[in-house]
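Only this structure's heavy atoms are used, side chains among them; waters, hydrogens and symmetry mates stay out. Note that this is a predicted model, so its numbers are computed, not measured.
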Amino acid sequence: MSFRGQAQYLRVYAPGGADYQLWQNFYVNTSVTLSSKTYSFFPFACDGISETSALGGQSVQVKFPATSLAVNAFQDASRLKYLCELSVYEFDTRLGIDGPQSGQTLIANFLGYVSRMSGSFTALKVDLGSALAPIGAQIPPRTATNSLVGVPIQI
């Protein structure tokens, strides 16, 4: 019997590093605070991140119910090239599941941008791609836009 739990956290950045959306998928119908940020419950599932945190240019697919909140959030994120950070934490469920534990372990982290969206009336699939080298990069350099780096001086 396994006592291992995994909680996934999705942070969508707005310009200037502000938070556009903060969602978690483990603590149902509640908001939880992790690293001084409050994440609301929103059901989602991701694949491709649990193998390694250094994917080297691959993408991660995140699946959501096709609610207006999710569709609008990711249309904005796609159009404005917002960065998205997906983190997966592991913990021992025997110690309780009322909220994030202090001893949980970050097992995977992925930073990327919305590279593709698809879906149906009930499901939204969002591919988070990355032009990042797996070591030492901060933003996807091939997708720097005015909303990420500002508007240059016009002459």
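Y9 and L83 end up in different hydrophobic clusters when Ile, Leu, Val, Met, Phe, Trp and Tyr side chains are linked at under 4.5 Å. In the hydrophobic clustering of this structure, V60 does not group with L106; members are Ile, Leu, Val, Met, Phe, Trp, Tyr whose side-chain heavy atoms approach within less than 4.5 Å, directly or through other members. In the hydrophobic clustering of this structure, Y27 does not group with W23; members are Ile, Leu, Val, Met, Phe, Trp, Tyr whose side-chain heavy atoms approach within less than 4.5 Å, directly or through other members. When hydrophobic clusters are built by joining Ile, Leu, Val, Met, Phe, Trp and Tyr residues whose side-chain heavy atoms come closer than 4.5 Å, directly or via intermediates, F91 is not grouped with I107.
The two residues P43 and P65 have their closest heavy-atom pair at O-CD, 3.1 Å. Across all non-hydrogen atoms, the minimal contact from Q24 to T30 is NE2-O, 3.0 Å. Closest non-hydrogen pair, A123 versus A66, comes out as N-CB, 3.7 Å. Contact detail for V12 and A77: the closest heavy-atom pair is CG1-CB, 4.2 Å. Here the shortest heavy-atom pairing between T33 and T38 reads OG1-OG1, 3.3 Å.
D127 places no side-chain N or O within donor-acceptor distance of the main-chain N or O of G129, the cut-off being under 3.5 Å. Remark: the backbone N or O of F44 is paired with a side-chain donor or acceptor of N25 at under 3.5 angstrom.
Exactly one of Y20, Y13, F74 qualifies for a ring-ring contact (aromatic ring centres under 6.0 Å, His included) with Y82. That residue is Y20.
Side chains of Y39 and S87 form no contact here, defined as non-hydrogen atoms less than 4.5 Å apart. By the 4.5 Å heavy-atom criterion applied to side chains, F3 and T93 are counted as neighbours. For the pair F110/E85, no side-chain contact is recorded, criterion being any heavy-atom separation below 4.5 Å from C-beta on. In this structure, the side chains of Q21 and L10 stay at 4.5 Å or more apart for every pair of heavy atoms. The closest side-chain heavy-atom distance from F64 to L69 is not below 4.5 Å. For the pair Q104/L34, a side-chain contact is recorded, criterion being any heavy-atom separation below 4.5 Å from C-beta on.
Distance CZ/R11 to CG/D19: 4.0 Å, rounded to 0.5 Å. Here the straight-line distance linking atom CD of Q61 with atom CZ of R116 works out to 7.5 Å at 0.5 Å rounding. Residue L128 holds its CG atom at 7.0 Å from OG of S115, rounded to the nearest 0.5 Å.
More than 12 heavy atoms of other residues, nucleotides or ligands lie within 6.0 Å of CG in L22, so this atom counts as buried by the packing criterion.
The aromatic ring centres of Y89 and F26 sit 6.0 Å or more apart.
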